[in-house]
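Numbers restart at 1 for each chain; the letters A, B, ... are given by sequence-line order, proteins then strands. Computed over heavy atoms, backbone and side chain alike; hydrogens, waters and symmetry mates excluded.
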Amino acid sequence: MYAYILRRLFMLIPVLFGVSIVIFFTLRIIPGDVAATILGTDATPQALAQLREDFGLDQPLYQQYFSWMGGVLTGDFGESMRTGQEVLPDIMSRFAITFELTILSAFISWIIAIPLGIIAGIKRNSKTDFGVRIISLLGVSVPNFALATVLILVLSLSFSYSPPVGYVGFFEDPITNLQILLLPAIVLGTSMAGAVMRMTRSSILEILRQDFIRTIRAKGAKERVVIFNHALRNAMIPILTIIGMQIGVLLGGTVIIEQIFSLPGLGQLVLTGINQRDVIVVQGAVLFIAFVFVIINLIVDILYSYLDPRITYK
Amino acid sequence: MNKKGFILAFLFASVMALLIACSDNSNTDEPGNDNDSNNDGEQAEQVLKIANDQEPAGLDPHKTPAHSSVRIYSQVYSGLVQFDADMNVVGDLAVDWDQPDDQTYVFNLREGVKFHNDREMTAEDVKYSFERILDEETASHIASYFSNVDSIEVLGDYQIQFNLKSADATFLSNLTNASAAVVAKEVVEENGDLQQVAVGTGPFVFEEWVPDNRVVLLKNENYYDENLPKLDQVIYYTMKDEAARMSAIRTGEVDLTTVSAQSADLIKDQEGLEVKDYQSLEYSYVGFNNEHEILSNEKVRQALSLATNRESVADIVWGGDAVVSGPVAPSMGDWAIDVTEHELYSNNLEKAKELLAEAGYENGFDITITTASTYADMVDTAQILQQQWAEIGVNAEIKQIEWGEYIDTWVNKTADILVGRNGSGTDPDRALNYFFHTEGSANVWNFSNADYDELVTKGKTTVDLAERKAIYDQAQNDLLTLSPNLFLVSPMKYVAVRDSVEGFTPYPHDGEYILEVTKK
């Protein structure tokens with residue numbers, strides 16, 4: 001197992017190298033000149049040229065790439081072209097916010113989706129099942145930005161409530177922190193829940209049809225034991241896969257939700273970076289997101305073997 | 001690992017994750033929470049919370065033209081002169097000034113003004129600031145405003161002289177630009193630039209900037225006007241989503257925010273809120289590539305002007321809250337001419353078709369209108385023009401591009417027709433010379449007319465006000481006739497303000513004037 005983990009971690013190197021090349025050159029292809037975007041229409045050609053030189057944009061592309069990668073390898077992701085702020089500390093502080101939001105959303109998703117999915121699976125084609133299926137379909141099909149906007153409008157118009165403005169860290173003020181994160185977590189959690197609910201239902205249905213379940217029941221096991229000790233554990237592999245994918249995506253920055261709820265997370269960083277053509281910020285952030293995604297996938301793969309001892313890695 | 005082990009491991013990982021997630025709180029303290037206003041009859045805390053739609057793009061006044069930055073650094077820095085409410089130039093760091101001849105300005109500086117680092121500001125700082133602007137290495141966006149400055153001489157601690165290369169009627173109004181700020185040399189040298197720090201002589205002291213979250217300013221207790229500012233603290237929150245800003249202003253989470261025309265309509269009757277409007281200095285325009293095979297023909301451009309119904313642009317795009325404009329926006333007061341009487345503003349389709357026929361395009365032509373998808377008003381304007389021009393046989397296709405690409409298109413002059421919005425500036429020279437002189441730095445229209453160039457050059461160097469106005473009246477009329485651009489409408493702007501805010505008045509040249517504001 002440890003050899004497998006090491007091997008997977010080793011595989012990170014070519015993956016991140018590939019991502020760095022793709023993101024670096026893609027950002028150079030998209031139209032838009034950072035100097036013109038920063039200086040606006042008042043700038044003289046001399047000022048534009050000077051700024052490009054300051055950013056090293058007058059160098060050949062391969063030189064720009066190697067100088068960036070050289071920095072990355074020593075932990076220096078460079079400085080924002082716009083603000084001069086160091087990129088890596090900025091990424092880390094924003095990742096903390098996105099991470100907390102992701103964990104909260106996933107938690108909300110699980111407490112809604114897994115119990116409801118199990119009930120729907122057990123009581124197939126009952127009214128409860130139809131109810132759950134409708135809810136899960138809504139969760140999957142209502143875009144989270146629409147739900148977010150409606151939630152904000154309804155709360156402010158009908159209940160005169162708006163989440164506190166300005167992000168506050170958890171340890172600074174836990175209550176305000178949770179107040180700020182609750183609405184976005186509910187929005188993300190419910191949209192995640194739709195897919196998890198559907199997967200839980202179909203997975204439970206599938207398992208309940210298996211011979212070993214019949215055998216367990218024939219042995220006189222209580223239904224609670226059948227469902228929780230045997231069916232659910234076996235049904236978890238596909239559920240875990242989809243949860244892993246969702247968490248990976250959320251950790252990459254929930255761009256729209258962070259924007260709507262004014263959360264200074266990783267998604268906002270990337271979006272602002274792209275809009276302002278701050279390529280140093282964007283390529284650093286994307287590389288980091290790729291790293292997180294690969295790690296999450298690795299964790300999910302390792303969890304498989306705990307859930308199903310038949311799965312082994314060598 | 002057994003099941004119990006797995007659960008324990010999972011719980012441990014979750015707790016660790018949460019701890020890591022919340023471990024970096026170095027920049028997440030909340031300064032305004034304990035300062036909320038109250039209605040108990042006690043003195044309210046003088047903290048103004050403003051929701052902004054954009055994140056500042058840096059704080060260096062000499063290097064950052066973005067409005068999201070200007071609104072903040074203009075509170076921290078002062079310049080030599082400023083505009084009063086009626087857009088007259090009055091002293092700021094300068095008490096007064098003399099003009100021994102047309103090319104020389106001598107400013108007498110206010111004594112005892114201190115930077116926020118407690119050092120006294122002197123004429124050397126003014127000299128340093130303008131030399132920094134003019135230094136090519138600074139890559140300052142406003143270097144072009146002061147390219148006519150020949151030399152700067154310090155005559156004493158509180159007196160400084162600017163020698164110009166030629167007479168320049170725009171010099172004083174250019175000095176009112178928030179980017180013409182006086183900065184402290186030692187702060188620049190210590191930090192490399194001023195993008196992350198701000199140490200000025202202005203009414204507010206920069207406290208902190210938490211990216212994509214907030215900027216906090218505190219009252220400058222040593223401000224040269226001891227009665228100002230009245231607020232103790234200003235917090236700018238970045239809230240990019242308009243629904244979130246609306247929600248925050250409705251519920252009193254913030255005190256002030258700019259809103260779009262549509263949102264202004266939605267909240268204007270809300271209790272506890274007031275929507276203040278003001279005529280902006282902006283105008284929407286249609287920019288032609290004057291070297292384009294078809295558009296280089298003056299009659300074609302005039303035909304398109306005649307085919308454009310500007311009132312319907314005002315009604316549909318801006319809900320009626322916009323006025324028809326020429327190149328100088330009507331809020332510039334006497335400088336702007338009444339364009340509504342101009343023949344090309346008559347929306348005469350028959351005449352437009354005649355002109356097209358004379359130009360050899362009696363069956364119309366195909367063309368592409370490029371605009372920025374980032375701004376709904378620009379897209380809406382392009383769509384209306386598409387419909388209006390179809391009536392004279394012009395078949396326009398709309399190409400929507402993202403903002404960064406739009407600026408690229410603008411700079412590189414790659415569009416046939418560009419729909420956008422421009423600022424008129426605070427002096428007609430910007431609207432007339434800078435955008436349309438053959439050598440104008442923002443003449444991205446390939447427009448060149450020797451008579452026009454001569455006229456606006458004369459306008460820039462004519463110091464006599466009446467004479468200058470006559471020149472610019474003529475230049476505006478010439479531009480309308482030559483139609484290198486079509487000038488459409490100048491929109492209103494809106495600021496939603498809570499009832500607890502007193503003394504807030506937005507001006508065309510400063511929509512966020514908060515010096516006199518108090519909280520009750």
Side-chain angles (χ1 to χ4, degrees), chain A residues 30-33 35-44 46-48 50-51 54 82-85 90 92-94 96-97 99-100 103 149 152-153 155-157 160-173 176-177 233 259-262 264 268-269 272 274-277 306-307, chain B residues 1 6 14 17-18 20-30 32-33 49 51 55 57-58 64-66 136-137 139-145 147 192-193 195-196 210-214 235 237-241 243-244 246-248 250-251 253-254 402-405 407-408 410-411 441-442:
Chain A
I30 58 170
D33 169 22
T37 314
I38 289 176
L39 291 179
T41 53
D42 284 338
T44 58
Q46 291 87 343
L48 290 171
Q50 179 66 45
L51 203 60
D54 290 350
R82 274 273 177 168
T83 62
Q85 197 172 26
D90 202 15
M92 295 313 290
S93 69
R94 284 157 181 272
I97 296 163
F99 194 95
E100 191 189 348
I103 295 295
T149 309
I152 285 179
L153 285 175
L155 287 175
S156 74
L157 286 174
S160 291
Y161 176 78
S162 161
V165 294
Y167 179 79
V168 189
F170 181 79
F171 288 117
E172 187 67 29
D173 183 348
T176 311
N177 174 273
R233 183 159 182 184
Q259 168 142 342
I260 292 177
F261 290 99
S262 313
Q268 284 261 38
L269 181 72
T272 309
I274 291 174
N275 283 338
Q276 300 182 340
R277 293 294 186 275
Y306 286 112
L307 285 171
Chain B
M1 192 181 284
F6 167 69
S14 302
L18 202 61
I20 294 166
C22 305
S23 61
D24 184 10
N25 294 301
S26 57
N27 54 6
T28 51
D29 53 322
E30 170 62 89
N33 257 6
K49 297 179 177 181
E55 170 73 355
T64 321
E136 278 190 11
E137 283 199 8
S140 175
H141 61 283
I142 52 156
S144 60
Y145 281 51
S147 55
D193 65 20
Q195 294 290 36
Q196 294 279 304
V210 185
D212 273 326
N213 190 351
R214 63 175 179 269
I235 310 172
Y237 292 102
T238 302
M239 301 179 77
K240 293 177 186 167
D241 186 69
M246 290 303 98
S247 161
R250 273 184 178 125
T251 56
E253 284 289 333
V254 298
E402 176 274 339
W403 189 244
E405 193 181 352
I407 292 187
D408 226 28
W410 157 288
V411 172
S441 17

Quiz prompt | Engaged part of A/Tyr161 at the chain B interface, taking heavy atoms whose separation is under 4.5 Å | solution = backbone

Exercise. Using a cut-off of under 4.5 Å on heavy-atom pairs, state which of A/Ser162, A/Ser156, A/Ser262, A/Pro163 scores highest against chain B.
Key: A/Ser162

Quiz item: With a 4.5 angstrom heavy-atom cut-off, which part of B/Ser247 approaches chain A: side chain, backbone, both or neither?
Solution: both

Quiz prompt | Max heavy-atom pair count under 4.5 Å with chain A, selected residue of B/Glu253, B/Glu402, B/Met239, B/Gln195 | solution = B/Glu253

Self-check item: salt bridge (charged side-chain N to carboxylate O under 4.0 Å, His left out) involving B/Glu136 - partner list, sequence neighbours excluded
Solution: none

Quiz item: B/Pro65 and A/Ile38: which non-hydrogen atoms are nearest, and at how many Å?
Solution: CD-O, 3.0 Å

Self-check item: Considering all heavy atoms, the nearest A/Gln85-B/Pro211 contact
Solution: OE1-CG, 3.4 Å

Self-check item: Structural part of B/Ser140 lying under 4.5 Å from a heavy atom of chain A
Solution: backbone

Quiz prompt | Selection from B/Ser147, B/Ala51, B/Gly58, B/Ala248 maximising heavy-atom pairs under 4.5 Å formed with chain A | solution = B/Ala248

Practice problem: Return the option, out of A/Ile274, A/Leu157, A/Leu48, with the maximum number of heavy-atom pairs under 4.5 Å with chain B. | Solution: A/Leu157

Practice problem: I would like to know whether B/Asn213 and A/Arg94 meet side-chain contact (heavy atoms from CB on, under 4.5 Å); could you show each step before the answer? | Solution: CA-CA 11 Å; B/Asn213 190 351; A/Arg94 284 157 181 272; over 6 Å; no

Quiz item: Distance from B/Glu137 atom CD to A/Asp54 atom CG, nearest 0.5 Å?
Solution: 7.5 Å

Quiz item: Where do A/Ile260 and B/Asp241 come nearest, in terms of heavy atoms and distance?
Solution: CA-CB, 3.5 Å

Self-check item: Set of side chain to side chain contact (heavy atoms under 4.5 Å, CB included) partners for B/Ala57, sequence neighbours left out
Solution: A/Arg82, A/Gln276, B/Thr64, B/Ala66, B/Ser69

Quiz prompt | Nearest non-hydrogen partners of B/Asp212 and A/Pro264, listed with the distance | solution = O-CB, 3.4 Å

Quiz prompt | chain A contacts, top residue of B/Glu55, B/Arg250, B/Lys240 (heavy-atom pairs, under 4.5 Å) | solution = B/Lys240

Practice problem: Heavy-atom pairs under 4.5 Å with chain A are the metric here; pick the option from B/Thr238, B/Ile142, B/Ile407 that has the most. | Solution: B/Ile407

